[in-house]
Amino acid sequence: MTEITPWNISRQVDTGELAIHYGKITEVCQGGPEIGTLWINGKMPFHSDMFGGPMIIQENKAVFLPRFDRRRRQFELCRIDLDTLRISILTPPRNLIWLDKLEDDILYFYEDLNREALSHFDLAAGELHTAKKNAKDEMRYYPLFAPFLVIIAVFVAAFSILSLLCALGIKSVSKLSRKLCLKGEK
């Protein structure tokens, strides 16, 4: 059996009393988590919202799953009451919400793809307990940005040179070289 992850959400869950399936499934970005519209018992109550996975169903009373915030391009942990089909947002936006389990009214979820940052939401108290992040983990992805920084530095340097040329009234590099050569001859 394939593991259900944010990158491989279960297309359909059917418990007999409850049928939930995702429609219009797409990736947030290439290789990113999957999201889709949500159908509950043949109804699509949240027309403009997209949801990720995996989901956790609480005794056919509620379903917990990540809701994708398009404006921020992040996920919010939400609870959908299955009787009223109302959404409650439980957490502020996160880059990733990977639901793990519901145990003793505590909902556990990971906030990273390596499943190292385990956070939990206490449903009874309504409290979020965020995983402690290591500063080393925060720095892990910075080397990936180095090539972009070099490209930006080259662009800024080229723009500065062109701005200087325009300020001097020189419209092409060949005119600049002629001006420099003429100054040397005088």
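Note that these values count all heavy atoms, side chains included, but never hydrogens, waters or copies made by symmetry. None of these values were measured; they are calculated from a predicted model.
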Under 4.5 Å between any side-chain heavy atoms of L99 and Y108, yes or no? no
Do L65 and I56 have side chains that get closer than 4.5 Å, going by heavy atoms? no
With F109, which residues qualify under ring-ring contact (aromatic ring centres under 6.0 Å, His included), at least two apart? none
Which side-chain N or O atoms in residues 28-40 pair as donor and acceptor under 3.5 Å with protein atoms at least two apart or in another chain?
from	atom 1	to	atom 2	distance (Å)
E34	OE1	I9	N	3.1
E34	OE1	R11	NH1	2.9
T37	OG1	G23	O	3.0

Between N41 (side chain only) and A19 (backbone N and O only), is there a donor and an acceptor less than 3.5 Å apart? yes
From CG (L77) to CD1 (I97), nearest 0.5 Å: 5.0 Å
Closest non-hydrogen contact found for I20 with V63 is CD1-CG2, 4.2 Å
Nearest 0.5 Å, please: how far is CD in E127 from CD1 in I106? 10.0 Å
For Y22, ring-ring contact (aromatic ring centres under 6.0 Å, His included) partners two or more places apart: none
With sequence neighbours left out, what residues match T84 under side chain to side chain donor-acceptor pair (under 3.5 Å)? none
Contacts of D69 that satisfy side chain to side chain donor-acceptor pair (under 3.5 Å) - sequence neighbours left out: R72
Any side-chain heavy atom of P92 sitting closer than 4.5 Å to one from L128? yes
Quick one, P54 and T5 - any side-chain contact, counting heavy atoms below 4.5 Å? no
Restricting to salt bridge (Lys or Arg N to Asp or Glu O under 4.0 Å), what partner residues turn up for R115, sequence neighbours left out? E3
Would you please test D14 and H21 for side-chain contact (heavy atoms from CB on, under 4.5 Å) and show each step? CA-CA 8 Å; D14 194 347; H21 79 269; over 6 Å; no
Answer yes or no: is there a side-chain heavy-atom contact under 4.5 Å between L96 and Y110? no
All ring-ring contact (aromatic ring centres under 6.0 Å, His included) counterparts of F121, not counting sequence neighbours: none
State, yes or no, whether a side-chain contact exists between L102 and Q58 at a heavy-atom distance under 4.5 Å. yes
Heavy atoms, side chains only, cut-off 4.5 Å: are I57 and F64 in contact? no
For the CZ atom of R73 and the CZ atom of F68, what is their distance to the nearest 0.5 Å? 4.0 Å
Counting N and O atoms only, with roles assigned by atom type, does the side chain of N114 sit under 3.5 Å from a partner on the main chain of E116, one being a donor and the other an acceptor? no
Which heavy atom of G53 sits nearest a heavy atom of P66, and at what distance? N-CG, 3.9 Å
Not counting sequence neighbours, which residues clear salt bridge (Lys or Arg N to Asp or Glu O under 4.0 Å) with E59? List them please. K61
Are M55 and V13 side-chain neighbours, meaning at least one heavy-atom pair lies under 4.5 Å? yes
Side chain to side chain donor-acceptor pair (under 3.5 Å) pairs touching residues 86-101, sequence neighbours excluded, are Q74-N95, R94-E111, R94-T130
Salt bridge (Lys or Arg N to Asp or Glu O under 4.0 Å) contacts touching residues 42-52 (sequence neighbours left out): D49-R67
Hydrophobic cluster membership, with links at side-chain heavy-atom distances under 4.5 Å among I/L/V/M/F/W/Y: are M50 and I89 in one? no
Do L18 and I80 belong to the same hydrophobic cluster, where Ile, Leu, Val, Met, Phe, Trp and Tyr are linked whenever their side-chain heavy atoms lie under 4.5 Å apart, directly or via other members? yes
Is it true that, when you exclude Q12 itself, more than 12 heavy atoms of the residues, nucleotides or ligands shown sit nearer than 6.0 Å to its CD? yes
Closest non-hydrogen atom pair between A131 and S119, with its separation: N-OG, 2.9 Å
For A117, is there any backbone N or O sitting under 3.5 Å from a side-chain donor or acceptor partner on D112? yes
